[in-house]
Amino acid sequence: MLLDWRVVYMGGVFISLFLFVMLISKRQKSTADKILSTWLFFAVIHQALIGWYASNKMSDMPALIGWELPFPFLHGPFLYLYILFLTGQQRQGWRSILHFVPAVLVAIILAPVLGSMSVPEKLGAIAPVRFEALFQWMVRGIIVSGVVYVVLSLVLLRRHKQNVAVQFSNTDKITLNWLRYLIGGMGVIWVVVIFFESAQSLYVVVALFIFFIGYFGIRQVGIFSNPPPAHEVYLPAVVQAPEAEVVADVADVADKKVKYEKTGLTEAEASRIHTALTTLMRTQECYKDSELTLGDLAKTLEIHPAILSQVINSKEEKSFYDYINTLRVEAFKQLLLKPDSQQYTLLSLAFECGFNSKTSFNRNFKKITQLSPSSYVKEMNISVQTGE
């Protein structure tokens, strides 16, 4: 049985190494890719130390004992920074270095401590009483670091979801699963660290997490491979867009928020833009484009997307996503009243108004009218096909 667990440990090392090689060989690496590749590099070293401990080989190289302690202080910051840069929420890059101060301090503290410990103390044959409090505090620090960075990463994910709503009129094709997998996997590891004393359980969970990242990361276009050229990308409405492409579209949202705060938009100018927007929607019905984005609409109006977002928020008291889908619902309600609509299904009429899926249509219609589409039709006594 021990041999089976060794296979799992070493498998985690080789998978980490394999993913690291895939990332560094990627031609077009973003800052997020570089952060992930660096994280995987340290994960390889950490995994190797874990496998070495699990194989009971500590006595062969006692000088390495204890040097695994700084590594847990790296994983939380790497997770946080990867999500931060992938979603474009970073501000000043140099501040990112501060997240690694705890790991560096632990390494600096450990250097003289481990150097003064005898081999029996390192191997546990003699209890290192003089450093027992220090090691206990380091373990507590590891737990705090893990929990804090998982929470911070969840906050980033929540903000990213809000940014998507600011930028897109349809979000059904957008998946945040890759980020959820990373945060969820790290969360499980810290649960094991906190509530399970078995070192073997931790080794197995870490190895399985690496397998997990490898499986879903390779499937996620643009993470471990170069995304296809723009002219080759075709995403029909029923296909979910890879998150790497979605993140690329919203990576500048944070910068736009800064510009949003500094626009100095006057009330008169905001009213003028809002009037132009309302006219554009009435005459050209841009909301019927299921792929409409804030950037598309701003380009048509010849203004900055941040300014348009500000106008929609202040004048309509809605996000771009809610504003466009409200127009789609109103268009759907008007379309229902036309005699020719009786020969069509509710879903086909919804598609005509700009919705791109049954789920999106039902969710937004109920959110805006407090009724499901079929209930609305019955309440209004409208004769139309309800089949889909």
Side-chain angles (χ1 to χ4, degrees), residues 161-177 221 228 230-243 245-250 277-301 305 308-309 312 316 318-388:
K161 290 172 66 177
Q162 294 172 344
N163 288 342
V164 168
V166 168
Q167 191 77 354
F168 292 87
S169 63
N170 267 318
T171 60
D172 281 0
K173 296 195 305 178
I174 299 174
T175 171
L176 302 177
N177 288 342
V221 175
H231 66 277
E232 294 181 7
V233 177
Y234 172 68
L235 297 171
V238 296
V239 179
Q240 279 194 323
E243 183 174 329
E245 296 172 14
V246 171
V247 169
D249 287 333
V250 297
L277 173 64
T278 303
T279 302
L280 180 67
M281 287 299 176
R282 184 177 64 252
T283 58
Q284 297 190 23
E285 299 181 327
C286 302
Y287 53 83
K288 289 188 176 182
D289 178 4
S290 63
E291 303 300 324
L292 183 68
T293 68
L294 180 69
D296 295 335
L297 201 54
K299 186 176 181 180
T300 302
L301 292 170
L308 178 58
S309 178
I312 293 174
E316 297 289 339
K318 296 181 180 72
S319 67
F320 170 73
Y321 175 85
D322 288 336
Y323 169 66
I324 295 299
N325 282 293
T326 298
L327 292 176
R328 288 168 177 165
V329 168
E330 292 304 317
F332 172 82
K333 290 161 67 174
Q334 294 299 317
L335 196 57
L336 278 177
L337 300 176
K338 295 183 178 181
D340 292 345
S341 298
Q342 296 181 9
Q343 59 184 311
Y344 300 106
T345 65
L346 293 180
L347 190 56
S348 62
L349 295 177
F351 285 162
E352 177 68 22
C353 296
F355 291 103
N356 67 349
S357 73
K358 175 183 176 181
T359 301
S360 175
F361 169 54
N362 289 336
R363 182 178 63 248
N364 283 284
F365 192 91
K366 190 168 186 178
K367 177 181 178 181
I368 294 167
T369 66
Q370 310 304 314
L371 293 170
S372 67
S374 56
S375 297
Y376 177 82
V377 167
K378 290 179 182 178
E379 186 171 290
M380 299 298 293
N381 196 26
I382 299 174
S383 178
V384 67
Q385 296 184 44
T386 57
E388 294 158 359

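Keep in mind that this is a model prediction, so the values were computed, not measured.
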query: CG of Leu335 to OH of Tyr344: how many Å apart, nearest 0.5 Å?
result: 9.5 Å
- prompt: In Å, rounded to the nearest 0.5 Å, how long is the span from CZ of Phe332 to CG of Asn325?
  reply: 13.5 Å
query: Counting only heavy atoms not in Lys299, do more than 12 fall under 6.0 Å of its NZ?
result: no
- request: Establish, from distance only, whether the side-chain atoms of Ser360 and Ser357 form a donor-acceptor pair under 3.5 Å.
  value: no
task: Quick one: which residue pairs count as a salt bridge (Lys or Arg N to Asp or Glu O under 4.0 Å) with a foot in residues 334-345, not counting sequence neighbours?
output: none
query: After noting the C-alpha distance and the side-chain angles of Ile312 and Leu308, does the key distance pass the side chain to side chain contact (heavy atoms under 4.5 Å, CB included) rule?
result: CA-CA 6 Å; Ile312 293 174; Leu308 178 58; 4.0 Å; yes
- prompt: How about Leu337 and Lys333: do any of their side-chain heavy atoms sit closer than 4.5 Å?
  reply: no
query: Which value, rounded to the nearest 0.5 Å, describes the distance between Gln284 atom CD and Thr300 atom OG1?
result: 7.0 Å
- prompt: Would you say the side chain of Met380 lies within less than 4.5 Å of the side chain of Leu336, judging by non-hydrogen atoms?
  reply: no
- prompt: Which is it for Leu349 and Phe361 under the side chain to side chain contact (heavy atoms under 4.5 Å, CB included) test, yes or no, and what are the steps along the way?
  reply: CA-CA 10 Å; Leu349 295 177; Phe361 169 54; over 6 Å; no
- prompt: What pairs with Glu352 under side-chain hydrogen bond (donor to acceptor under 3.5 Å, both in side chains), at least two apart in sequence or on another chain?
  reply: none
- prompt: Would you say Arg328's side chain and Tyr287's backbone share a donor-acceptor pair under 3.5 angstrom?
  reply: yes
field: Residue pair Asp322 / Ile368, side-chain heavy-atom distance below 4.5 Å
entry: no
field: Minimal non-hydrogen separation, Asp296 against Glu291, with atom names
entry: OD2-O, 3.7 Å
- prompt: Between Leu371 and Glu379, is a side chain to side chain contact (heavy atoms under 4.5 Å, CB included) present by the stated rule, with each step listed?
  reply: CA-CA 9 Å; Leu371 293 170; Glu379 186 171 290; 3.7 Å; yes
Minimum side-chain heavy-atom gap Lys367-Val329 below 4.5 Å: no
- prompt: How far apart are the C-alpha atoms of Tyr376 and Leu346, what are their side-chain angles, what is the distance that settles it, and do they pass the side chain to side chain contact (heavy atoms under 4.5 Å, CB included) test?
  reply: CA-CA 11 Å; Tyr376 177 82; Leu346 293 180; over 6 Å; no
task: Indicate the atoms forming the closest heavy-atom contact of Cys286 with Leu292, along with that distance.
output: O-CD2, 3.6 Å
statement: Tightest non-hydrogen contact, residues Asn362 and Pro373, listed as OD1-CG, 3.4 Å
query: Would you say the ring centroid of Phe365 lies under 6.0 angstrom from that of Phe355?
result: no
query: Considering all heavy atoms of both residues, which atom of Ala331 and which atom of Cys353 are nearest to each other, and what is their separation?
result: C-SG, 3.7 Å
message: Under a 3.5 Å distance rule, please check whether Ser309 uses its side chain to pair with a backbone N or O of Pro305 as donor and acceptor.
response: no
- line: In terms of heavy-atom contacts, Ser372 and Lys366 come closest through N-CG, 4.4 Å
message: List the residues meeting side-chain hydrogen bond (donor to acceptor under 3.5 Å, both in side chains) with Glu285, not counting sequence neighbours, and say none if there are none.
response: Lys288
